[in-house]
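Worksheet: one structure, shown below.
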Amino acid sequence: MKVDVLTLFPGMFGGVFAESILRIAREKRLLDVRVWNIRDFTSDRHRTVDDKPYGGGPGMVMKVEPVLECVSHVLATRVEGGGEEAKIVLLTPQGRRFDQVMARELSEVPHLVLICGHYEGFDERIRLALEPEELSIGDYVLSGGEAAATVVIDAVTRLIPGVLGSFESVREESFSDGDQLEYPQYTRPAEFRGMEVPDVLRSGDHEKIRAWREKMSRERTQSRRPKERFDEAP
Ligand code: 6GU
């Protein structure tokens with residue numbers, strides 16, 4: 001999968017692509033991620049990326065020209081041989097709430113272009129011109145879309161076939177699309193500061209272990225995600 005990240009703050013991505021699952025996915029050539037500085041696509045002397053809102057009000061608005069120039073350049077240079085179509089995603093708190101189902105959908109897309117917002121928002125003509133999918137990672141306000149883009153890339157990359165080993169993939173399946181929280185896990189030592197690993201996990205009785213884990217999952221889901229699945233608007 002190709003991923004292009006368009007941002008005013010490329011430095012915010014620092015080392016995230018060089019560690020853990022993202023590093024492995026890149027080494028396996030299953031993820032090809034590039035970060036682009038929108039400011040490099042300005043044409044005025046001051047390299048202006050934002051301006052005051054028409055009609056007044058606080059804050060600054062991201063200008064339309066640098067974003068569209070950057071997107072055009074990315075599409076022209078990264079889509080080789082008239083290849084696959086790119087999915088353009090705008091990261092904004094007004095977007096559709098990102099979840100595991102969406103992560104799975106996006107993991108099947110060959111090319112993602114993620115545009116990170118900053119300031120008070122985007123000039124509306126960015127939306128009109130690109131007709132992007134708009135995503136939010138939750139109901140709180142981040143100072144920009146960069147942290148959200150990192151979250152989306154992580155969640156999506158681990159679902160690309162071949163990125164995780166088969167053991168982890170099967171585990172993922174058994175908690176299909178996040179409708180159940182994880183059961184408690186333990187590793188050695190069997191006792192630590194008086195806290196013991198539950199006997200059932202050391203019993204060797206696989207049916208009992210499966211039943212215990214299922215019960216713990218259900219209880220944890222009940223107490224930590226009380227009914228939210230049924231209350232939420234579609
Ligand atoms: Cl995608 N952007 C910003 N600025 N804030 C957010 C967000 C995105 N998702 C949740 N909060």
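Indexing begins at 1, ligand by ligand and atom by atom, following the structure's order.
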Can you give me every donor-acceptor pair (side chain of residues 6-25, partner residue at least two apart or in another chain, under 3.5 Å) with its distance?
from: T7; atom 1: OG1; to: F9; atom 2: N; distance (Å): 2.8
from: T7; atom 1: OG1; to: E146; atom 2: OE2; distance (Å): 2.5
from: R23; atom 1: NH1; to: E27; atom 2: OE1; distance (Å): 3.3
from: R23; atom 1: NH1; to: E27; atom 2: OE2; distance (Å): 2.8

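A salt bridge links E133 with R96: the distance from a Lys NZ or Arg NE/NH1/NH2 to an Asp or Glu carboxylate oxygen falls below 4.0 Å. Using a 4.0 Å cut-off between a side-chain N of Lys or Arg and a carboxylate O of Asp or Glu, E219 and K215 qualify as a salt bridge.
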Exercise answer, ligand 1 polar atom pairs (N/O) under 3.5 angstrom:
from: ligand 1; atom 1: 4 (N); to: L142; atom 2: O; distance (Å): 3.0
from: ligand 1; atom 1: 5 (N); to: L142; atom 2: N; distance (Å): 3.0
from: ligand 1; atom 1: 9 (N); to: S136; atom 2: OG; distance (Å): 3.3
from: ligand 1; atom 1: 9 (N); to: I137; atom 2: N; distance (Å): 2.9
from: ligand 1; atom 1: 11 (N); to: Y140; atom 2: O; distance (Å): 2.6

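Partner of D4 under the salt bridge (charged side-chain N to carboxylate O under 4.0 Å, His left out) criterion, out of R34, K87, R78: R78 alone.
Looking at residues two or more places apart in sequence or on another chain, you find a side-chain contact (heavy atoms from CB on, under 4.5 Å) between D51 and K63. Listed by chain and residue number, V64, A129, L130 satisfy the side-chain contact (heavy atoms from CB on, under 4.5 Å) test with L68 (two or more places apart in sequence, or in another chain).
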